[in-house]
Amino acid sequence: MASLDFARADLGLMVLYLNKAEARDKICRAIQYGSKFVSNGESGTAQNVEKSTSMARKVFRLFKFVNDLHGLISRTSPDTPLSLVLLGKSKNALLSTFLFLDQIVWLGRSGIYKNKERTELLGRISLFCWMGSSICTTLVEIGEIGRLSRSIKNLEKELKDNKYKNTQYVSKLEQSDERSLALVKAAMDIVVAVGLLQLAPKKVTPRVTGAFGFITSLISCYQVIYFGIKMS
């Protein structure tokens, strides 16, 4: 009976997870880049799966640019350094632009918007925006991890042996771990963007792009689960 209750709880958590458009997008992303890794840029079933999944993901991202637009105009914490504020706002602006242009790309590739050349140009511009936002995110996370590290060291000096009983100290450690994971993801996403834009085709091959994209997709899936449980 207990095992059945556990199964119900696990299935309930899975239903809650899959009901989120963000979760479905990240699962599709993992399939997309996993297929890219398998195909290695060569035509075949894997490449067809990659292309079809890429198109499907664009539907999940409809109007998602509003999220980062809201972040762009939202107030920031008064104790955040100006450099990190500017980098954060730049990230929001670039990511919002990427998501907005990506919708036009979807219209072009689905045949609604007829200008093929402009669609491809906007596609490249959007990827450059995504790469720029990943660079900004990387710099923001490095800065925030540095601030957390200094704060943690100060708490360690004050608390000494009782530090793990202090909720503020434990919270800052968790934040540091979360930001470290976000830093790894953002840094790897830069490589994925370089691969998609073919800026270094000999080093960042389709297989490398697929591998990095698949790993960052798994990180994103974990983040959606983690923050979903944390908020519930």
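In this chain, numbering begins with 1 at the start of the sequence shown.
Looking at Glu144 and Arg147, a side-chain N of the basic residue comes within less than 4.0 Å of a carboxylate O on the acidic one, giving a salt bridge. A salt bridge links Asp189 with Lys185; the closest basic N to acidic carboxylate O contact falls under 4.0 Å.
Side-chain atoms of Ser149 never come within 3.5 Å of backbone atoms of Ile145 as a donor-acceptor pair (strictly under, hydrogens ignored). Using a distance-only test at 3.5 Å, with no hydrogens or angles considered, no donor-acceptor pair links the side chain of Asn40 to the main chain of Glu42. Of the possible polar contacts, none joining the Lys91 side chain to the Ile135 backbone as a donor-acceptor pair under 3.5 Å is found. Ser96 places no side-chain N or O within donor-acceptor distance of the main-chain N or O of Ala93, the cut-off being under 3.5 Å. A donor-acceptor contact shorter than 3.5 Å is absent between the side chain of Arg29 and the backbone of Phe214. Checking side-chain atoms of Arg61 against main-chain N and O of Gln103 turns up no donor-acceptor pair under 3.5 Å.
Considering only heavy atoms from C-beta on, Thr209 stays 4.5 Å or farther from Val191 through its side chain.
Linking Ile, Leu, Val, Met, Phe, Trp and Tyr residues whenever their side-chain heavy atoms come within less than 4.5 Å places Leu218 and Tyr222 in a single cluster.
When hydrophobic side chains of Ile, Leu, Val, Met, Phe, Trp and Tyr are connected at separations under 4.5 Å, Leu148 ends up as a singleton with no cluster partners.
Between atom CH2 of residue Trp130 and atom OG1 of residue Thr137 there is a gap of 10.5 Å, rounded to the nearest 0.5 Å.
At most 12 non-hydrogen atoms from other residues, nucleotides or ligands lie less than 6.0 angstrom from NZ of Lys51.
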